[in-house]
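What follows is a set of notes on a single structure, which appears directly below.
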Amino acid sequence: MKTLVAPSVLAADFANLAKEVQMINDSEADFIHVDIMDGVFVPNISMGLPVVEAIARHATKPLDVHLMIVEPDRYLESFKEAGAAHLTVHMEACKHLDRTVHAIKSLGCKAGVALNPHSPVSTLEEIIQELDLVCLMSVNPGFGGQKFIKNTFDKVKKLRKLMDAQGSMAKVEIDGGVSMDNAEALMEAGADILVAGSFVFSSKNPKGTIKRLKNIV
Ligand code: DX5
Ligand code: ZN
């Protein structure tokens, strides 16, 4: 299967969001990655529901919403209503992950779980069958434009092994510091979806950059 690409609007020009979303619509991207940060789970605040609604009004691609927030259960329905197609919560932010995953599914969204760089993939062993998506953070979440953590390559392989053992069909997403320097190796290691923020939006030709990522394999 070809690489699935999810440009992260965190690196977009927020004052020209409609134009930036249109660029993604016109590109070969598969999803629009939307980063929600609450200043508590991560040391940064990004955007909230009104911005997600505004993005959804312009988007023709599904919104891949990454919740970097504490107590995500309180907001799942609101993000669904705002236009989320995928809802990804952090394992580290959920006391009752199984309950949260089922709540996401009952809303009709694809359920994703993200793991911080220090969290082992084995922590998903008992829930992997329920997941539509696993997001491996390849930076410590909170900011765009950070350096890719190389240990992610091994982690993708470990995750694939765990998934294969249980016949899981979840998509494997990599988030943080993705560029042409690591994209091919990530796909070889077993990734499905590459999130890319600064690599796409700081390039001269964002649409062309998305195309390059899309055509790695
Ligand atoms: C980081 C966010 C990422 C971020 C990726 O906390 O979850 O989605 O936007 O940005 P880059 O590609 O610049 O590392
Ligand atoms: Zn993200």
Side-chain angles (χ1 to χ4, degrees), residues 3-14 17 20-21 23-24 27 29-48 51-52 55 59 61-70 72 75 79 82 84-93 104 109-119 132-153 155-156 171-187 191-204 206 209-210 212-214 216:
T3 311
L4 298 169
V5 180
S8 168
V9 287
L10 186 67
D13 176 0
F14 281 14
L17 213 40
E20 302 279 54
V21 171
M23 180 281 291
I24 300 175
S27 77
D30 298 277
F31 307 106
I32 301 185
H33 187 82
V34 184
D35 287 307
I36 309 299
M37 303 176 180
D38 66 354
V40 180
F41 181 69
V42 288
N44 195 10
I45 298 175
S46 58
M47 62 188 102
V51 180
V52 179
I55 293 171
K61 317 242 173 180
L63 301 195
D64 178 39
V65 176
H66 178 192
L67 298 177
M68 287 162 274
I69 63 175
V70 295
Y75 299 100
F79 280 105
H86 299 173
L87 276 174
T88 297
V89 295
H90 268 262
M91 180 279 286
E92 302 86 358
I104 294 172
C109 290
K110 299 278 186 206
V113 172
L115 293 182
N116 279 338
H118 74 276
S119 297
D132 299 305
L133 188 152
V134 178
C135 174
L136 295 184
M137 293 307 303
S138 37
V139 297
N140 285 296
F143 304 92
Q146 299 184 82
K147 196 168 170 267
F148 180 84
I149 298 173
K150 289 212 171 75
N151 157 54
T152 310
F153 295 119
K155 217 167 155 182
V156 183
K171 295 268 184 271
V172 176
E173 177 173 78
I174 310 299
D175 188 7
V178 171
S179 73
M180 260 354 220
D181 294 342
N182 47 40
E184 194 174 345
L186 285 168
M187 294 308 293
D192 298 300
I193 307 174
L194 301 180
V195 174
S198 36
F199 183 62
V200 166
F201 285 95
S202 63
S203 68
K204 280 213 181 88
T209 304
I210 293 169
R212 280 170 72 205
L213 286 169
K214 185 75 199 159
I216 299 165

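Values in this document were obtained by computation on a predicted structure and should not be read as measured data. Order of appearance sets the numbers: ligands from 1, and atoms from 1 within every ligand. Quick note: residue numbers are just sequence positions, from 1. We use all heavy atoms of the structure for the numbers below, so side chains are in, but hydrogens, waters and symmetry mates are not.
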Is a donor on one side and an acceptor on the other found under 3.5 Å between the side chain of [X] and the backbone of [Y]?
| X | Y | answer |
| --- | --- | --- |
| Lys214 | Ser27 | no |
| Asp132 | Gly112 | no |
| Gln146 | Asn140 | yes |
| Asn182 | Gly177 | yes |
| Glu173 | Ile193 | no |
| Ser138 | Ile149 | no |

With a 4.0 Å heavy-atom cut-off (strictly under), which part of Phe143 contacts ligand 1: side chain, backbone, both or neither? backbone
Applying a 4.0 Å heavy-atom criterion (strictly less than), which segment of Ser8 is in contact with ligand 1: side chain, backbone, both, or neither? side chain
Can you check which of Cys135, Ala114, Gly145, Pro7 brings a heavy atom nearest to atom 11 (P) of ligand 1? Gly145
Proximity winner for atom 3 (C) of ligand 1, if only heavy atoms of Asp175, Ile36, Val34 are counted: Asp175
Please could you name the atoms of ligand 1 that [X] approaches to less than 4.0 Å, counting only its heavy atoms?
| X | result |
| --- | --- |
| Pro141 | 6 (O) |
| Met37 | 6 (O) |
| Ser198 | 11 (P), 12 (O), 13 (O) |
| Met137 | 7 (O) |
| Ala196 | 12 (O) |
| His66 | 7 (O) |
| Met68 | 6 (O), 7 (O) |
| His33 | 8 (O) |

Specify the protein heavy atom at minimum distance from [atom]: its residue, its atom name, and the distance to 0.1 Å.
| atom | value |
| --- | --- |
| atom 14 (O) of ligand 1 | Gly177 N, 2.8 Å |
| atom 10 (O) of ligand 1 | Gly144 CA, 3.7 Å |
| atom 4 (C) of ligand 1 | Asp35 OD2, 3.6 Å |
| atom 12 (O) of ligand 1 | Gly197 N, 2.8 Å |
| atom 6 (O) of ligand 1 | Gly142 N, 2.8 Å |

Distance-only donor-acceptor pairs under 3.5 Å for side chains of residues 34-47, two or more places apart:
residue, atom, partner, partner atom, Å
Asp35, OD1, His33, NE2, 2.9
Asp35, OD1, His66, ND1, 3.1
Asp35, OD2, Ser8, OG, 2.8
Asp38, OD1, Val40, N, 2.8
Asp38, OD1, Phe41, N, 2.7
Asp38, OD2, Val70, N, 2.9
Asn44, ND2, Gly142, O, 2.8
Ser46, OG, Asp35, O, 2.7
Ser46, OG, Met37, N, 2.9

Are Leu67 and Phe79 close enough that some pair of their side-chain heavy atoms sits under 4.5 Å apart? yes
A side-chain contact here means heavy atoms from C-beta on lying under 4.5 Å apart; do Thr209 and Met180 qualify? no
Take Leu63 and Phe31 through the side chain to side chain contact (heavy atoms under 4.5 Å, CB included) test and state the conclusion after the steps. CA-CA 6 Å; Leu63 301 195; Phe31 307 106; over 6 Å; no
Side chain to side chain contact (heavy atoms under 4.5 Å, CB included) between Thr88 and Asp175, intermediate numbers included: CA-CA 12 Å; Thr88 297; Asp175 188 7; over 6 Å; no
Minimum-distance pair of heavy atoms, taken over all atoms of Val89 and Pro72: CG1-CB, 3.7 Å
Is Asp64 salt-bridged to Lys110, going by a charged N under 4.0 Å from an acidic O? no
Give a yes/no answer: is there an N/O/S atom of His33 under 2.8 Å from the Zn ion (ligand 2)? yes
Any N or O of Leu10 that comes nearer than 3.5 Å to an N or O of ligand 1? no
Identity of the N, O or S atom of [X] lying closest to the Zn ion (ligand 2):
| X | value |
| --- | --- |
| Asp35 | OD1 |
| His66 | ND1 |
| Asp175 | OD2 |

